[in-house]
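Below: one structure, written as structure tokens.
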Protein chains: 2
Amino acid sequence: MSTAAGGGSVPIPEVVIVRLPLYVRVLTQLRDGGTEVVSSRELGTRLGVTPAQIRKDLSYFGRFGKQGRGYNVSFLVGELRRVLGLDREWNTAVIGVGRLGRAIINYPGFEPEGFRVVAAFDADPDQVGRHFGNVRVRSTSDLDRAIVDEAIDIAIVAVPAAEAQDVIDSLVKCGIKAILNYAPIAPQVPDEVKVRNIDPVLGLQTMTYHLKTMGSDRT
Amino acid sequence: MSTAAGGGSVPIPEVVIVRLPLYVRVLTQLRDGGTEVVSSRELGTRLGVTPAQIRKDLSYFGRFGKQGRGYNVSFLVGELRRVLGLDREWNTAVIGVGRLGRAIINYPGFEPEGFRVVAAFDADPDQVGRHFGNVRVRSTSDLDRAIVDEAIDIAIVAVPAAEAQDVIDSLVKCGIKAILNYAPIAPQVPDEVKVRNIDPVLGLQTMTYHLKTMGSDRT
DNA sequence: TAATGTGAAAACCTTCACAGCT
DNA sequence: AGCTGTGAAGGTTTTCACATTA
């Protein structure tokens with residue numbers, strides 16, 4: 001008990017969780033632009049989502065608005081960040097320091113959002129000991145130890161497809177509960193481990209379906 | 001007419017389209033590993049999806065299986081690739097050749113899947129004329145002309161967040177119907193334009209919710 | 001026997017519509 | 001007057017379960 005906030009103790013749909021970061025992003029933008037209050041209608045327009053959906057989504061976590069007025073932007077950002085666990089920093093480790101892994105280590109978008117890359121690993125002994133960003137590459141055989149030492153919360157997998165499932169298995173054995181996977185595979189993990197896949201090719205491949213099915217209203 | 005294949009003329013849910021590329025990926029792996037026939041149960045296990053869902057999904061497009069036996073892997077891969085429009089090559093243009101844009105141009109995962117980067121654009125005159133991979137950077141003001149000349153099917157947006165919506169507006173004006181967006185924004189486009197967002201931070205931010213809500217069964 | 005393809009049932013998610021608060 | 005919060009309605013997606021076929 002004491003875990004869930006506000007509304008009721010209804011189980012919260014995963015789709016709702018997936019939308020919250022989007023809300024946070026747009027709200028943050030509004031706040032930084034000086035907007036103090038926003039209605040679900042206004043927010044919905046900016047997100048391409050219905051106002052009712054926004055109100056329903058927020059209602060899972062509490063009553064953040066004022067009737068007749070709308071939502072205080074700063075307040076709502078804060079509440080949603082708290083709900084998502086974004087009111088603290090999270091430590092990540094990048095596994096695989098090839099082209100992609102190095103790009104991830106140097107990606108400037110994580111740090112400002114509270115995600116720090118504090119460790120890097122590679123199976124190739126030639127890479128071990130090198131420095132990228134401000135992390136030193138360690139051997140994959142150190143995974144277990146390092147994950148505890150560095151208090152890693154999230155693993156970022158950037159190894160070739162052929163090795164990815166093995167790496168993910170090791171991570172799971174080490175007790176990792178969250179994995180951001182860049183390898184183009186469908187990872188197998190136990191239920192209690194969360195995986196998000198970053199895979200531009202999948203995005204392209206769904207769009208071609210729609211491109212193909214187009215212009216068919218032209219004779 | 002003659003567009004929709006197989007089963008019936010039921011409108012096909014977008015979630016189904018989104019799953020197809022995953023099926024293609026796992027099936028391709030199986031095929032390359034020498035598997036000739038696969039059942040929906042086997043496939044489901046590898047994808048973390050129920051067998052019924054796979055059968056229902058496939059039934060939107062045709063009857064690809066054999067009762068009592070399963071699906072011929074090579075045949076099914078071919079059919080699904082055809083359904084998704086992956087039986088041809090698609091031309092893409094990368095907009096923005098900063099760190100991220102250059103990484104995308106050099107990403108080796110697109111070409112083997114039939115996606116070619118045939119043009120690159122940047123607003124910065126210092127970048128115009130430079131070469132990355134085997135494309136020459138052009139001025140963003142040439143977008144319109146170049147999209148027609150190079151027969152660009154898909155735009156890949158890799159500009160800073162602040163410029164992304166403007167770039168997307170230009171692309172839409174040029175008639176682009178598919179955009180792969182790497183900028184951390186919620187893009188606004190007309191219904192007929194498809195957008196897929198690649199945003200690792202959103203993935204991380206949904207996982208922290210689950211991490212936070214964990215270990216609560218340990219009193 | 002084994003596994004597909006599919007109507008029907010169940011689960012899930014979104015939208016409606018309005019009471020209630022500011 | 002305006003907009004939230006929310007039960008109930010409506011719509012969509014998933015799962016079930018079985019007739020059917022190899």
Side-chain angles (χ1 to χ4, degrees), chain A residues 4-20 22-23 27 30 35-77 79-80 83 191 206 209, chain B residues 4-20 22-23 27 30 35-77 79-80 83 191 206 209:
Chain A
S9 55
V10 192
I12 295 159
E14 184 65 20
V15 278
V16 173
I17 305 301
V18 169
R19 280 191 294 265
L20 294 188
L22 282 167
Y23 297 172
L27 285 164
L30 285 170
T35 307
E36 293 188 352
V37 172
V38 71
S39 68
S40 58
R41 186 157 54 74
E42 167 74 9
L43 198 50
T45 305
R46 301 204 177 230
L47 282 158
V49 154
T50 65
Q53 181 158 80
I54 289 172
R55 295 201 300 276
K56 179 64 98 182
D57 283 355
L58 297 180
S59 78
Y60 284 105
F61 305 100
R63 290 126 60 89
F64 304 126
K66 284 219 193 347
Q67 280 149 328
R69 198 146 158 59
Y71 301 89
N72 177 301
V73 176
S74 302
F75 173 71
L76 187 52
V77 170
E79 289 296 296
L80 292 182
V83 165
D191 281 355
T206 62
Y209 173 82
Chain B
S9 55
V10 192
I12 295 158
E14 182 66 18
V15 279
V16 173
I17 306 301
V18 169
R19 279 191 295 264
L20 294 189
L22 282 167
Y23 297 172
L27 286 164
L30 285 170
T35 306
E36 292 190 352
V37 172
V38 71
S39 67
S40 58
R41 187 156 54 73
E42 167 74 9
L43 199 50
T45 305
R46 303 204 175 232
L47 283 157
V49 154
T50 64
Q53 180 158 79
I54 289 172
R55 295 202 300 277
K56 179 63 97 180
D57 284 356
L58 297 180
S59 78
Y60 284 105
F61 305 100
R63 290 126 60 88
F64 304 126
K66 284 220 189 352
Q67 278 148 328
R69 199 147 157 61
Y71 301 89
N72 177 301
V73 176
S74 301
F75 173 70
L76 187 52
V77 169
E79 288 297 294
L80 293 183
V83 165
D191 280 357
T206 63
Y209 172 81

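Throughout, a chain's letter reflects where its sequence line sits, starting with A, and its residues are numbered from 1.
Distances shorter than 4.0 Å separate none of the side-chain N or O atoms of B:Tyr71 from OP1 or OP2 on D:dA22. In this model, the phosphate group of D:dT14 is not approached by any side-chain N or O of B:Arg55 to a distance below 4.0 Å at OP1 or OP2. Checking the phosphate oxygens (OP1, OP2) of C:dT14, no side-chain nitrogen or oxygen of A:Thr50 falls inside 4.0 Å.
B:Glu36 pairs by the salt bridge (Lys or Arg N to Asp or Glu O under 4.0 Å) definition with nothing, not counting sequence neighbours. Checked against side chain to side chain contact (heavy atoms under 4.5 Å, CB included), B:Thr45 has no partners two or more places apart in sequence or in another chain. Legend: residues meeting side chain to side chain donor-acceptor pair (under 3.5 Å) with A:Glu14, ordered by chain and number and at least two apart, are A:Arg196, B:His210.
Separating the CD atom of B:Gln67 from the C1' atom of C:dA3 is a distance of 7 Å, rounded to the nearest angstrom. Rounded to whole Å, the distance from OH on A:Tyr60 to P on D:dG7 is 11 Å. Per the geometry, CG belonging to B:Leu20 stands 14 Å off P belonging to D:dT13, to the nearest Å. Between B:Ile12 atom CD1 and D:dT14 atom C1' the separation is 17 Å, expressed in whole Å. Distance NZ (B:Lys66) to P (D:dA22): 9 Å, rounded to an integer number of Å. Rounded to whole Å, atom P of D:dT14 lies 13 Å from atom CG of B:Leu58. To the nearest angstrom, P of C:dC16 lies 15 Å from CG of A:Asp57. The CZ-C1' distance, from B:Phe64 to C:dA3, rounds to 17 Å in whole Å.
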* To do: Please report the C-alpha distance between A:Val16 and A:Phe61 in whole Å, then the side-chain angles of each, then the deciding distance to 0.1 Å, and finally whether the side-chain contact (heavy atoms from CB on, under 4.5 Å) criterion is met.
  => CA-CA 11 Å; A:Val16 173; A:Phe61 305 100; 3.9 Å; yes
* I would like to know whether B:Leu58 and B:Leu76 meet side-chain contact (heavy atoms from CB on, under 4.5 Å); could you show each step before the answer? => CA-CA 9 Å; B:Leu58 297 180; B:Leu76 187 52; 4.1 Å; yes
* Under the side-chain contact (heavy atoms from CB on, under 4.5 Å) rule, what do B:Val77 and B:Leu30 come out as? Steps first, then yes or no, please. => CA-CA 10 Å; B:Val77 169; B:Leu30 285 170; over 6 Å; no
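Shown for residues 39-49 of chain A: residues whose heavy atoms fall under 4.0 angstrom of DNA chain D, namely A:Ser39, A:Ser40.
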Write down the protein N/O and nucleotide N/O pairs, taken from nucleotides 8-13 of chain C, whose separation is under 3.5 Å; answer none if there are no such pairs.
none

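For the salt bridge (Lys or Arg N to Asp or Glu O under 4.0 Å) condition, the pairs that include at least one residue of residues 48-61 of chain B, sequence neighbours left out, are B:Arg19-B:Asp57.
Backbone-only engagement by B:Arg69 is indicated by non-hydrogen atom pairs under 4.0 Å involving sugar-phosphate atoms exclusively.
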